[in-house]
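Computed from heavy atoms alone, side chains included, the values below leave out hydrogens, waters and symmetry copies.
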Amino acid sequence: MTRVEFIYDFGSPNAYFCHKVLPALARRTGAQIDYIPCLLGGIFKATNNQSPFTAFAGIRNKPQYDQLEMQRFMQKHQLTEFQLNPFFPVNTLMLMRGAVAAQRLGWHEAYVEAMFHFMWEQPRKLDNPEIFQQTLMDAELDAAALLPLLADDGVKQELISNTSAVVERGAFGIPTFFVGGEMWFGKDRLRELEEYVLEGAALPSS
């Protein structure tokens, strides 16, 4: 089984789009999708990168074309629940530490589903601690178990280490995918990623 590492941060709408379509890709290819929580702001700082919203804000026609491509992607994949978050940009440090903590608690998948939902489908200001706690409760996740772990030095360091490691492997933004030493960036590379996985699966075993 091919392992696909999905580098994600809840603050990226393109990471949300990938999250929604990755299950179908996994079914078609038989790949195992491993979610790796990283801090997008940390990646930007380490690579001297900027968000597309900032980097392309002054380029005539580019933001409008990006919106068109987003609409095309949503139509192609029938993603009807997406909403722009009115609180964007949201500081995701707490959320991403929460993702590492949820991995330790054994319910990372449920946590990811809830946070993407309340970031991009029923948008909330998730960098507000009270709203974050209420969101955990609304999603029927164990807030009492997770919240103390946000201050745990091991959780903090694991998020830092995840972020540093993907930068060293070549990442400069999110969503990023790795299969072994090969990397793809952006939702627009999902087709190439899928083709690579299928080609690898088709090779005869030695």
Side-chain angles (χ1 to χ4, degrees), residues 4-26 32-44 51-53 70 73-74 77-152 154-163 165-166 171 173-177 185-187 190:
V4 176
E5 297 173 86
F6 172 38
I7 313 306
Y8 79 96
D9 181 311
F10 297 114
S12 165
N14 286 323
Y16 163 83
F17 291 136
C18 291
H19 166 69
K20 299 299 287 187
V21 303
L22 280 173
L25 185 149
Q32 172 185 317
I33 312 294
D34 286 348
Y35 281 56
I36 312 298
C38 292
L39 190 64
L40 181 55
I43 293 176
F44 283 166
S51 71
F53 181 81
M70 184 173 70
F73 188 91
M74 289 191 290
H77 297 284
Q78 299 180 331
L79 303 178
T80 59
E81 297 182 85
F82 176 80
Q83 298 183 49
L84 290 173
N85 192 314
F87 307 106
F88 185 83
V90 174
N91 185 325
T92 59
L93 178 61
M94 180 169 57
L95 279 73
M96 301 317 298
R97 286 178 179 170
V100 174
Q103 285 181 326
R104 297 188 174 199
L105 293 169
W107 35 269
H108 178 245
E109 185 175 344
Y111 178 88
V112 167
E113 195 64 43
M115 293 303 116
F116 272 128
H117 174 75
F118 285 108
M119 180 69 80
W120 299 113
E121 294 179 351
Q122 293 184 19
R124 296 181 179 182
K125 186 173 172 52
L126 291 175
D127 52 4
N128 180 305
E130 293 181 0
I131 293 175
F132 177 66
Q133 180 176 355
Q134 185 61 52
T135 298
L136 292 172
M137 297 168 62
D138 291 344
E140 299 183 348
L141 300 174
D142 191 347
L146 184 136
L147 292 175
L149 290 177
L150 300 180
D152 180 84
V155 167
K156 293 179 181 179
Q157 186 56 52
E158 185 170 345
L159 181 61
I160 292 170
S161 297
N162 284 356
T163 304
V166 299
I174 282 176
T176 293
F177 302 90
F185 170 73
K187 69 181 187 303
L190 285 170

Point-to-point distance, once rounded to the nearest 0.5 Å, from CD of Gln83 to CH2 of Trp120: 11.0 Å
Pro37 to Gln103 - nearest heavy-atom pair and separation: CD-NE2, 3.5 Å
Derivation of the side chain to side chain contact (heavy atoms under 4.5 Å, CB included) call for Lys187 and Phe73: CA-CA 9 Å; Lys187 69 181 187 303; Phe73 188 91; 3.8 Å; yes
Point-to-point distance, once rounded to the nearest 0.5 Å, from CZ of Arg97 to CG of Asp152: 10.5 Å
Residue pair Thr163 / Met96, side-chain heavy-atom distance below 4.5 Å: no
Close side-chain approach of Leu22 and Tyr8, heavy atoms under 4.5 Å: no
Test item: Val166 and Thr176 side chains (from C-beta on) under 4.5 Å apart, heavy atoms: no
Straight-line distance of Ile7 CD1 to Asn162 CG, nearest 0.5 Å: 8.0 Å
Arg124 and Asp138, any side-chain heavy atoms less than 4.5 Å apart: yes
From CA spacing to verdict: ring-ring contact (aromatic ring centres under 6.0 Å, His included), Tyr35, His19: CA-CA 9 Å; Tyr35 281 56; His19 166 69; 5.7 Å; yes
Contact check, side chains of Glu113 and Trp107, non-hydrogen atoms, under 4.5 Å: no
Criterion side chain to side chain contact (heavy atoms under 4.5 Å, CB included) on Phe132 and Leu147, from CA distance to verdict: CA-CA 10 Å; Phe132 177 66; Leu147 292 175; 3.8 Å; yes
Phe17 ring center near His77 ring center (under 6.0 Å): no
Any side-chain heavy-atom pair of Tyr111 and Leu146 under 4.5 Å: yes
Leu190 to Cys18 - nearest heavy-atom pair and separation: CD1-SG, 4.1 Å
Minimum-distance pair of heavy atoms, taken over all atoms of Cys38 and Asp9: O-OD2, 3.4 Å
Approximate separation, where rounding is to 0.5 Å, of Asn14 CG and Phe185 CZ: 7.5 Å
Pairwise distance CD(Glu81) to NZ(Lys20) - rounded to 0.5 angstrom: 5.5 Å
Met119 side chain near Tyr16 side chain, heavy-atom distance below 4.5 Å: no
Steps toward side chain to side chain contact (heavy atoms under 4.5 Å, CB included) verdict (Leu93, Leu159): CA-CA 9 Å; Leu93 178 61; Leu159 181 61; 4.1 Å; yes
Rounded distance (nearest 0.5 Å) linking atom CD1 of Ile131 with atom CZ of Phe87: 6.5 Å
Worked verdict on Met115 versus Thr135 for side chain to side chain contact (heavy atoms under 4.5 Å, CB included): CA-CA 8 Å; Met115 293 303 116; Thr135 298; 3.8 Å; yes
Over all atoms of both residues, closest heavy-atom pair of Ala15 and Ile174: CB-CG2, 3.9 Å
Nearest atoms (heavy-atom pairs only) where Ile33 meets Ala26: CG1-CB, 3.9 Å
Closest contact, heavy atoms only, Phe44 versus Gly173: CE2-CA, 4.3 Å
Contact check, side chains of Phe10 and Asn85, non-hydrogen atoms, under 4.5 Å: no
